[in-house]
**Student:** 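Can you keep this structure in mind? I'll have questions shortly.
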Amino acid sequence: MDPLAIIAIVAVLAAVASAIYAGMAVKRMRWQMEQFTAHELTRLSNEHNWNLYVHHHQLPPALPAWRGLSDKGWAWRILHLNHLNLLALAYKDHERGLLRLDEFEGWIRMAKFWFSDLWSESPDVDIKEGREILRHLLKPEEGYSNEFRQWLLKSKIIPPDLFSD
């Protein structure tokens, strides 16, 4: 075989290998950017929630969910939002294959603990307020995906009586 033909074949194979490697590198970079973006958006959302809480006395009732909220109501809303945001991130990370099953199950156990006091009706006025605010946050217009909300229900993190579609 002609040495130039061998060099040409090797060059073609090297080019194909380089293209495959570049494609894999781009895919990995895109995956990392998606992960970083999701984590950064969750961080910003939680930071925004706390800023709303700190300044809620100066804010007009711009959203229907804000009308008539007491100081404790705002605290419940922010607490639930932060917990739901972290769970949504863990859920997405698990769906992408970024969390091992045992890590994901740890998040589920923690989430069940976070919401354990809200599983039954309580004579405690604060718990009642927390349940109602969580009920509102689980509505589709609050922005959590139907898949995530159904997962919360299926995983028995949130009681079924707080869901309404």
**Student:** Does the side-chain contact (heavy atoms from CB on, under 4.5 Å) test come out yes or no for Trp76 and Ile127, once each step is laid out?
**Tutor:** CA-CA 9 Å; Trp76 274 113; Ile127 298 295; 4.2 Å; yes

**Student:** side-chain contact (heavy atoms from CB on, under 4.5 Å) for Asp71 and His57? Distances and angles first, verdict last.
**Tutor:** CA-CA 9 Å; Asp71 286 346; His57 289 293; 2.9 Å; yes

**Student:** So does Glu132 pair up with Lys128, basic N to acidic O under 4.0 Å?
**Tutor:**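 No, no charged N to carboxylate O under 4.0 Å.
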
**Student:** Who are the side-chain hydrogen bond (donor to acceptor under 3.5 Å, both in side chains) partners of Ser122, not counting sequence neighbours?
**Tutor:** none

**Student:** Checking salt bridge (charged side-chain N to carboxylate O under 4.0 Å, His left out) for the pair Lys139/Glu142: CA distance, chi angles, key distance, verdict?
**Tutor:** CA-CA 6 Å; Lys139 292 182 178 181; Glu142 286 286 345; over 6 Å; no

**Student:** State plainly whether the residues Arg131 and Asp161 are in salt-bridge range, i.e. N to O under 4.0 Å.
**Tutor:** yes

**Student:** Are Leu79 and Leu59 co-members of a hydrophobic cluster defined by side-chain heavy atoms under 4.5 Å apart?
**Tutor:**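 Yes.
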
**Student:** Give the intermediate values and the outcome of side-chain contact (heavy atoms from CB on, under 4.5 Å) for residues Trp50 and Asn82.
**Tutor:** CA-CA 9 Å; Trp50 283 111; Asn82 285 354; 2.6 Å; yes

**Student:** Distance from Leu52 atom CG to Leu69 atom CG, nearest 0.5 Å?
**Tutor:**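 It comes to 11.0 Å.
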
**Student:** Any side-chain to backbone donor/acceptor pair from His80 onto Ile133? Under 3.5 Å, distance only.
**Tutor:** no

**Student:** Heavy atoms only: give me the nearest His39-Leu89 pair and the separation to one decimal.
**Tutor:**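 Of all heavy-atom pairs spanning His39 and Leu89, the closest is ND1-CD2, 3.6 Å.
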
**Student:** Any chance you could measure Thr37, atom OG1, to Glu40, atom CD, to the nearest 0.5 Å?
**Tutor:** 8.5 Å

**Student:** How long is the straight-line distance from NE2 of His83 back to CD1 of Ile158, given to the nearest 0.5 Å?
**Tutor:** 10.5 Å

**Student:** Dump the intermediate steps for side-chain contact (heavy atoms from CB on, under 4.5 Å) on Lys92 and Glu95, then the final yes or no.
**Tutor:** CA-CA 5 Å; Lys92 288 176 190 170; Glu95 291 291 306; 5.5 Å; no

**Student:** Quick check for you: to the nearest 0.5 Å, what is the distance between Arg77 atom CZ and Leu84 atom CG?
**Tutor:** 10.5 Å

**Student:** Test Tyr91 against His94 for ring-ring contact (aromatic ring centres under 6.0 Å, His included), laying out the working first.
**Tutor:** CA-CA 5 Å; Tyr91 172 77; His94 178 68; 7.9 Å; no

**Student:** Using a 6.0 Å cut-off, check whether atom CZ of Arg67 has over 12 heavy atoms from anything other than its own residue.
**Tutor:** yes

**Student:** Tell me, which pairs form a side-chain hydrogen bond (donor to acceptor under 3.5 Å, both in side chains) where one or both residues lie in residues 105-116, sequence neighbours left out?
**Tutor:** none

**Student:** At their closest point, which heavy atom of Phe115 faces which heavy atom of Ile157, and how far apart are they?
**Tutor:** CB-O, 3.5 Å

**Student:** Among Leu81, Leu138, Leu87, find the residue that satisfies the side-chain contact (heavy atoms from CB on, under 4.5 Å) test when tested with Tyr144.
**Tutor:**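 Running side-chain contact (heavy atoms from CB on, under 4.5 Å) over Leu81, Leu138, Leu87 with Tyr144 returns exactly one hit, Leu81.
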
**Student:** Indicate if Ile78 and Leu63 have the same hydrophobic cluster label, given that clusters are the connected sets of ILVMFWY residues with side-chain heavy-atom separations under 4.5 angstrom.
**Tutor:**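 Yes, Ile78 connects to Leu63 through the hydrophobic network.
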
**Student:** Between Tyr53 and His56, does the ring centre distance come in under 6.0 Å?
**Tutor:**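 That pair passes the under 6.0 Å test.
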
**Student:** Minimum heavy-atom separation for Pro160 and Leu153, please, with both atom names.
**Tutor:** CA-CD1, 3.4 Å

**Student:** Can you get from Phe113 to Leu134 by hopping between Ile, Leu, Val, Met, Phe, Trp and Tyr side chains that sit under 4.5 Å apart?
**Tutor:**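 Yes: a chain of side-chain contacts under 4.5 Å links Phe113 to Leu134.
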
**Student:** Is it true that Arg100 and Glu103 have a side-chain N and a carboxylate O under 4.0 angstrom from each other?
**Tutor:**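 Salt bridge between Arg100 and Glu103, a charged N being under 4.0 Å from a carboxylate O: yes.
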
**Student:** Spell out, yes or no, whether Ile6 and Leu13 are grouped together once hydrophobic residues are joined by side-chain heavy atoms under 4.5 Å, including indirect joins.
**Tutor:**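 Yes, same cluster.
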
**Student:** Would you compute the distance between atom NE2 of His55 and atom CH2 of Trp74 and round it to the nearest 0.5 angstrom?
**Tutor:** 11.5 Å

**Student:** Do Arg149 and Pro140 come close enough that some side-chain heavy atom pair is under 4.5 Å?
**Tutor:** yes

**Student:** Check the hydrophobic clustering (I, L, V, M, F, W, Y; side-chain heavy atoms under 4.5 Å; chains of links allowed) and say if Leu152 and Trp119 are grouped together.
**Tutor:**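 Hydrophobic grouping puts Leu152 apart from Trp119.
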
**Student:** With distance as the sole test, does His48 use its side chain to make a donor-acceptor pair with the main-chain N or O of Ser45 at under 3.5 Å?
**Tutor:**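 No, His48 side chain to Ser45 backbone: no donor-acceptor pair under 3.5 Å.
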
**Student:** I would like to know whether Trp151 and Phe163 meet ring-ring contact (aromatic ring centres under 6.0 Å, His included); could you show each step before the answer?
**Tutor:** CA-CA 12 Å; Trp151 171 77; Phe163 281 87; over 10 Å; no

**Student:** Among side-chain atoms of Thr42 and Asn85, is any donor-acceptor pair under 3.5 angstrom?
**Tutor:** no

